[in-house]
Structures are given as structure tokens and as C-alpha cells.
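Atoms within a ligand are numbered from 1 in the order they appear, just like the ligands themselves. Along the sequence shown, the residues carry numbers beginning at 1.
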Amino acid sequence: MFVTFEGPEGAGKSTVLAEVARRFREAGQEVVTTREPGAGEFGARIREILLHGDDMTPRAELFLFLADRAQHVASVIRPALESGSWVLCDRYIDSTFVYQAVTRGLDADFVNRANAFATEALVPDQTFLFDLDPVVGLARVTKKDRLDGQPINFHRSVRQGFLQLAQQGADRWKIVDASQPLADVVEEVWARIRP
Ligand code: T5A
């Protein structure tokens with residue numbers, strides 16, 4: 001099973017993902033935890049440019065996220081799935097659609113096709129949307145990066161973009177109210193992630 005965690009900044013994705021993975025391991029289930037951008041040495045270098053480098057054009061930004069994803073799918077995600085492991089991934093194709101197409105304004109059809117090309121059409125089985133007011137989420141983030149530092153309207157558009165995508169999307173989406181206490185968010189995801 002390939003499960004992705006999506007949402008605006010500071011929504012609690014990585015914290016919840018780590019706790020869910022701990023529970024899987026405790027139950028004897030093989031699980032690989034990973035994230036985008038930034039898995040492995042190749043991804044780490046791209047992450048550094050994307051999050052801590054100089055400003056860049058939306059098109060350059062798109063291709064860096066896609067390069068990271070192509071390598072990540074081929075070297076981490078597919079091998080793990082083929083070995084029978086669960087894969088829990090912090091951000092994936094939907095982040096590109098929302099940040100680079102909806103919010104940056106790049107062509108949505110092109111972004112969808114580019115996502116499919118980069119991943120050889122690997123779509124998650126399940127996606128959790130951690131929905132949260134960006135003002136609350138940004139207040140939770142202590143070390144701000146290049147994207148956290150965008151104007152608040154950028155982050156509002158990200159939230160709306162994710163909500164629209166999840167509401168229109170296929171059954172793989174589950175929307176979680178990420179403003180609840182952390183323990184409640186964990187329980188909700190845990191209850192809904194098990195097949
Ligand atoms: N991006 C990414 C694109 O533009 N296109 C793409 O294709 C991709 C893949 C990645 C950036 O790149 C963009 C999106 C991002 O801007 P990142 O650092 O990986 O940058 O960003 P995030 O994934 O947003 O990581 P964050 O750390 O900001 O958010 P999380 O993982 O959702 O939040 P988390 O778990 O780190 O929690 C933040 C803090 O809040 C607390 C935690 O303890 C932690 O201190 N917390 C809660 N506090 C109260 N109540 C709760 N329910 C809480 N849940 C967590």
C-alpha cells in the first residue's frame with residue numbers, strides 16, 4: 001500500500017506519519033517512511049536548492065520537484081512496494097499540482113502529464129489531506145524556508161487547492177481536521193489507514 005500525506009505548511013503531516021509508522025512496526029508490518037522533496041543524497045541536494053536557495057522561476061521550481069520525484073519513485077518507492085512493504089510518503093504528486101499549478105499558475109494539464117511521466121503513473125492508494133488554516137499552520141513552523149515565507153494569500157490558495165482536489169478527487173482522499181489536538185489527529189489517521 002502506498003499512502004501519501006498532504007496539506008499546507010505545519011499541518012502535522014510528518015509528526016503523524018512518524019507515529020503511524022511506529023505503530024505499524026510495533027504490529028510487525030514492514031513500512032518505509034519517506035518524503036518529498038529530499039529523499040536520499042540526490043534528493044537532499046535538490047531540497048537544499050528548492051527550500052534554501054535563491055528565488056527561481058515557477059517553471060524551474062516545477063522541474064526540480066519533478067526531478068526529485070522521478071529519482072525517488074525509481075530508487076525508493078517502487079522497490080519498497082515491490083518488496084511488499086507499506087510506503088508512507090510526506091508529500092507527493094498532489095503537492096505539485098496544488099503548489100505549482102493551482103497556486104503558481106502553471107498549466108494544470110501539463111503538470112498532471114509531467115507528474116505521470118516522472119512517476120511512470122504511480123498513484124497513491126490512499127491520500128490523507130491534513131486540512132488547517134494556514135495562519136495556524138505557519139505559527140507552528142519554527143524554522144521558515146523559502147516556501148513558508150511566501151505571502152499569506154499564497155498559503156490560502158494552497159489550502160483551497162488541496163480541498164478542491166480532495167473533494168473532486170477519487171476515493172483515495174481522506175480529509176482530516178488538523179486543528180484537533182495532535183493525539184486526536186493520530187487516532188483518526190490510524191483508524192482510517194488500516195485496510
Ligand atoms: N512543495 C513540495 C511544492 O511546492 N511542490 C511539491 O511538489 C512538493 C513535494 C516542502 C515545501 O515544498 C513545497 C511544499 C512545502 O512548502 P517541507 O519542509 O518538507 O517543505 O514542508 P512541510 O511538508 O510543509 O513540512 P512542515 O514541517 O512545515 O509541515 P508538517 O510536516 O505538516 O508539520 P509537522 O509534523 O512538522 O508539525 C509542525 C509542528 O506542529 C506541531 C508539531 O509538533 C511540530 O512542532 N504539531 C501540532 N501542534 C498542535 N496540534 C497539532 N495537531 C499538531 N500537529 C503537529
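Considering every non-hydrogen atom in both T103 and S157, the closest pair reads OG1-OG, 2.9 Å. The heavy-atom pair separating H155 from P134 by the smallest distance is CB-CB, 3.6 Å.
Between Q71 and I46, the closest side-chain pair of non-hydrogen atoms is not below 4.5 Å. At least one side-chain heavy atom of E61 sits under 4.5 Å from a side-chain heavy atom of R146.
Of the heavy atoms in I93, none comes closer than 4.0 Å to ligand 1. The side chain of R91, and not its backbone, has at least one atom closer than 4.0 Å to an atom of ligand 1 (non-hydrogen atoms only; side chain from C-beta on). At a heavy-atom distance under 4.0 Å, only side-chain atoms of V141, from C-beta outward, approach ligand 1.
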Determine whether F2 and Y92 satisfy the following criterion, ring pair (Phe, Tyr, Trp, His ring centres under 6.0 Å), listing intermediate values before the conclusion.
CA-CA 11 Å; F2 177 29; Y92 187 60; 5.0 Å; yes

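Counting atoms of ligand 1 from 1 in the listed order, those under 4.0 Å from a heavy atom of Q100 are 3 (C), 4 (O), 5 (N), 6 (C), 7 (O). Distances below 4.0 Å separate heavy atoms of L147 from the following atoms of ligand 1: 11 (C), 12 (O), 13 (C), 16 (O). Those atoms of ligand 1 that come under 4.0 Å of a heavy atom in E36, given as number and element, are 9 (C). Counting atoms of ligand 1 from 1 in the listed order, those under 4.0 Å from a heavy atom of D145 are 18 (O), 20 (O).
Protein heavy atom closest to atom 28 (O) of ligand 1, with residue, atom name and distance, is G10 N, 3.1 Å. Looking only at heavy atoms of the protein, atom 35 (O) of ligand 1 is closest to T15 OG1, 2.5 Å. Protein heavy atom in closest approach to atom 50 (N) of ligand 1: R140 NH2, 3.2 Å. The closest protein non-hydrogen atom to atom 33 (O) of ligand 1 is G12 N, 3.1 Å. For atom 36 (O) of ligand 1, the closest heavy atom belonging to the protein is S14 OG, 3.1 Å. Protein heavy atom at the shortest distance from atom 6 (C) of ligand 1 is F65 CD2, 3.3 Å. The protein heavy atom nearest to atom 25 (O) of ligand 1 is K13 NZ, 4.2 Å. Closest to atom 18 (O) of ligand 1, if we only count protein heavy atoms, is R47 NH2, 3.0 Å.
The pair E188-R192 meets the salt-bridge criterion, since a charged nitrogen lies less than 4.0 angstrom from a carboxylate oxygen. Comment: E19 engages R22 in a salt bridge, judged by a side-chain N to carboxylate O separation of less than 4.0 angstrom.
For ligand 1, the polar-atom distance check finds no N/O of Y92 at less than 3.5 Å from any of the ligand's N/O atoms. In terms of polar-atom proximity, defined here as any N/O pair under 3.5 Å, V185 makes no such contact with ligand 1. Taking only nitrogen or oxygen atoms, main chain and side chain alike, L51 does not reach within less than 3.5 Å of ligand 1. Inclusion of V16 in the set of residues having an N or O under 3.5 Å from an N or O of ligand 1 is not warranted. Considering backbone and side-chain N/O of E61, none are found under 3.5 Å from N/O of ligand 1.
A tilted orientation is assigned to the rings of F128 and F5, their planes being inclined by 30° to 60°. Ring pair F24/W86 is tilted by interplanar angle, where 30° to 60° counts as tilted.
From T33, atom OG1 reaches atom CG of D90 across 9.5 Å, with rounding to the nearest 0.5 Å. Between the CG atom in L129 and the CG atom in L165 there is a gap of 8.5 Å [rounded to 0.5 Å]. In this structure, CD on E36 lies 8.5 Å from CD on E6, to the nearest 0.5 angstrom.
Closest heavy-atom approach to atom 7 (O) of ligand 1 within the set T96, V111, D90, D68: this belongs to T96.
Between the side chains of R35 and S14, no donor-acceptor pair is found at a separation under 3.5 Å.
The shell of residues lying under 4.0 angstrom from ligand 1, judged by heavy atoms, includes R69. Note on ligand 1: A178 sits in its first shell, one or more heavy atoms being nearer than 4.0 Å.
Listed by first and then second residue, the side chain to side chain donor-acceptor pair (under 3.5 Å) pairs that reach into residues 124-135 are T4-T127, T127-R172, D131-R159, sequence neighbours excluded.
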